[in-house]
Amino acid sequence: MADRFFHNNLPEFITEQDPPPPPQTTANHLLYLPYNSFSDQLKRAALDLKQTIVKETWGKSGNDYSLYTGDLGTAFLVFKAYKVTHNKKDLDLCIEIVKACDSASFGSSRVTFICGLAGVYALGAVVAKEANDDNLCDYYLTRFKAITIPKNLPNELLYGRVGYLWACLFLNKNLGPNTISSTHMRTITDEIIKSGRKMGTKTCPLMYEWHGKRYWGAAHGLAGIMHVLLDMVLTEDELEDVKSTLFYMIKNRFPSGNYPSSEGSESDRLVHWCHGAPGVALTLAKAAKVFGDEEFYKAAVEAGEVVWERGLLKRVGICHGISGNTYAFLSLYRLTGDAKFLYRAKAFAAFLHEKSAILISQGTLHSGDNPFSLFEGVGGMAYLFMDMIEPLEARFPAYEV
């Protein structure tokens, strides 16, 4: 199991008042920098890396238009860079890339934000609005509203109903409430609740299946579905079902504090956003805010401890890598206000800043099958570095609203 992650020998906590170690030591000097200086270094690294990612991906992804591994992920990163620097060249480039994704997605039946048409049209509309191009914004909104949701669609995030619902949330957050009507979103929510109850039990009221497995994680299972449902307007009994489902997960986690990848799994190996404690931590942190329940608060913090102990993965990306795991600490920092969690995010980001290039070149740190992509590769690391500039505003891309 330990071959999946680096042993975490990072200092437990450093304040900005602590004296730095002698220059000849191997300790990470970034951890001793004041946060503004630290984030400035990350910003420079992220913007340089963004240029490399554009060069390596734009126009070279074939028909992969997805946010996950394709050109839309590059567009999402470039838009983030625009929000940081307000460089209009980035905005123009983002529009150009999204237009290409629109063409490449012709005939696709996938409907979610991360892997489907909803991502192209939702990001296209938001970027067009930012550019004050109302005609282009209307075009993408019209395309979005014309998406047909298949009856046999699964419910998970990457390919299912909640992945489409997240795109609706993204549009309403960025273009204004009711851009996508609450009535329409309620229709999709009804299907998700109905499907979950059909497979649920008294102890776990909501349960879902994807490809023959009852997954628990953020990408394909309970954590991701509950996460999006917590952003919906739910009835009291629906909220109670979500709450009880999350309590069921907490009660049935591994003794280590980690979470199974699927119902009945005894393999305590995966500490990823997609499967395991990091993604669950994000959902529990949201549940703690929605319900104000001390048990969710405590469980979220405990999941964060698993990420600190075993989350320095030998992968770089946000789906199943160090970059994604760092967001667990940022979410816990927003929840608790505890500087310890901001420090932990800083420590993981500093590890990436200092060591990722050499470890990737050595083959010790895996950069994914799509090494410059947003979810598998260094695109996610660049996005994280930009998010670290304003940690209270940081959100896991395409997951936290």
Side-chain angles (χ1 to χ4, degrees), residues 65-67 72 75-76 79 95 98-99 101-102 105-106 108-198 206 208 224-243 283 286-287 289-291 395-401:
Y65 67 87
S66 73
L67 190 87
L72 197 68
F76 202 72
F79 188 52
I95 291 172
V98 174
K99 285 180 178 177
C101 291
D102 184 21
S105 66
F106 181 79
S108 174
S109 59
R110 292 181 173 175
V111 302
T112 63
F113 191 89
I114 294 176
C115 292
L117 299 172
V120 177
Y121 304 149
L123 182 60
V126 170
V127 172
K129 188 70 173 179
E130 186 71 31
N132 297 313
D133 190 334
D134 292 340
N135 289 334
L136 187 60
C137 182
D138 289 344
Y139 164 80
Y140 284 121
L141 277 178
T142 300
R143 298 276 278 170
F144 187 95
K145 292 175 180 179
I147 291 174
T148 301
I149 307 300
K151 287 187 177 180
N152 63 345
L153 197 68
N155 294 284
E156 48 83 80
L157 185 76
L158 260 63
Y159 303 103
R161 289 188 181 98
V162 299
Y164 170 80
L165 268 187
W166 196 91
C168 297
L169 291 169
F170 178 79
L171 282 170
N172 285 351
K173 176 186 178 181
N174 288 283
L175 299 185
N178 225 38
T179 298
I180 305 301
S181 75
S182 56
T183 303
H184 175 65
M185 293 169 71
R186 181 67 229 186
T187 301
I188 309 297
T189 303
D190 283 343
E191 290 296 321
I192 296 167
I193 296 289
K194 179 182 175 182
S195 177
R197 284 174 170 171
K198 190 180 294 186
L206 301 173
Y208 302 86
I225 296 168
M226 298 305 109
H227 194 273
V228 175
L229 286 178
L230 285 169
D231 277 313
M232 297 297 121
V233 177
L234 302 178
T235 64
E236 284 189 21
D237 61 317
E238 289 168 347
L239 276 170
E240 192 58 39
D241 282 355
V242 170
K243 190 175 187 178
T283 299
K286 177 178 283 188
K289 291 179 180 177
V290 171
F291 295 113
R395 300 291 186 274
F396 192 108
Y399 191 59
E400 295 182 291
V401 180

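- Pairing each heavy atom of Leu153 with each of Arg161, the nearest pair is O-NH1, 3.1 Å.
- Shown here for Ala75 and Leu123, the closest heavy-atom pair between the two residues is CB-CD2, 4.1 Å.
- Scanning for ring pair (Phe, Tyr, Trp, His ring centres under 6.0 Å) contacts around Phe291 gives Phe296, with sequence neighbours left out.
- By the side chain to side chain contact (heavy atoms under 4.5 Å, CB included) test, Thr189 pairs with Leu165, Arg186, Ile193, Leu229, Met232, Leu234, sequence neighbours left out.
- The ring-ring contact (aromatic ring centres under 6.0 Å, His included) contacts involving residues 114-134 comprise nothing, where partners must be two or more places apart or lie in separate chains.
- Atom-to-atom distance recorded for Lys286:NZ and Met226:CE is 12.0 Å, nearest 0.5 angstrom.
- With hydrogens and angles disregarded, no donor-acceptor distance shorter than 3.5 Å links the side chain of Ser195 to the backbone of Glu191.
- Evaluated for a ring pair (Phe, Tyr, Trp, His ring centres under 6.0 Å) with Phe113, the options Trp166, Tyr159, Tyr399 yield exactly one hit, Trp166.
- Nearest heavy atoms, Ala398 versus Leu67: CB-CD2, 3.5 Å.
- Applying the side-chain hydrogen bond (donor to acceptor under 3.5 Å, both in side chains) test to Asp133 and every residue at least two apart in sequence or in another chain returns nothing.
- Residues satisfying the ring pair (Phe, Tyr, Trp, His ring centres under 6.0 Å) criterion with Phe79, sequence neighbours excluded, are absent altogether.
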Query raised in the report: When you look at Arg143 and Asp102, which way does the side-chain contact (heavy atoms from CB on, under 4.5 Å) test go after all the steps?
Result: CA-CA 10 Å; Arg143 298 276 278 170; Asp102 184 21; 3.3 Å; yes

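- Leu206 is listed as a side-chain neighbour of Val242, based on a closest heavy-atom distance under 4.5 Å.
- Here Phe144 pairs with Tyr164 under the ring pair (Phe, Tyr, Trp, His ring centres under 6.0 Å) rule; sequence neighbours left out.
- The shortest side-chain heavy-atom distance between Ile192 and Tyr208 falls under the 4.5 Å cut-off.
- Annotation: side-chain hydrogen bond (donor to acceptor under 3.5 Å, both in side chains) contacts of Asn135 (sequence neighbours excluded): none.
- The two residues Asn155 and Ile225 make their nearest non-hydrogen contact at O-CG1, 3.5 Å.
- For the pairing with Val126, the side-chain contact (heavy atoms from CB on, under 4.5 Å) check across Leu171, Leu141, Val98 returns one residue only, Leu171.
- Taken to the nearest 0.5 Å, the SG atom of Cys101 stands 11.0 Å off from the CG atom of Leu117.
- By the neighbour-count criterion of 12 heavy atoms within 6.0 Å, atom NZ of Lys99 is sparsely surrounded, having that number or fewer from other residues, nucleotides or ligands.
- Proximity of a side-chain donor or acceptor of Lys129 to a complementary backbone N or O of Cys137 within less than 3.5 Å is not detected.
- Scanning all heavy atoms of the two residues, the minimum distance from Pro397 to Phe76 falls at CB-CE2, 3.6 Å.
- Using a 4.5 Å heavy-atom threshold, the side chains of Val120 and Leu72 count as touching.
- Looking at residues two or more places apart in sequence or on another chain, you find a side-chain hydrogen bond (donor to acceptor under 3.5 Å, both in side chains) between Ser108 and Tyr65.
- In this view, Thr235 and Asp237, Glu238 satisfy the side chain to side chain contact (heavy atoms under 4.5 Å, CB included) rule, not counting sequence neighbours.
- A search for side chain to side chain contact (heavy atoms under 4.5 Å, CB included) contacts involving Asn132 returns nothing, not counting sequence neighbours.
- Among residues two or more places apart in sequence or in another chain, the side-chain hydrogen bond (donor to acceptor under 3.5 Å, both in side chains) test is passed with Ser66 by Asp64.
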Using distance only, find each side-chain donor-acceptor pair of residues 173-180 under 3.5 Å and give its atom names and separation, not counting sequence neighbours.
from	atom 1	to	atom 2	distance (Å)
Asn174	ND2	Phe170	O	2.8
Asn178	OD1	Ser182	N	3.0
Thr179	OG1	Gly176	O	2.6

**Report entry** Steps toward side-chain contact (heavy atoms from CB on, under 4.5 Å) verdict (Glu156, Thr112)
**Finding:** CA-CA 10 Å; Glu156 48 83 80; Thr112 63; 5.5 Å; no

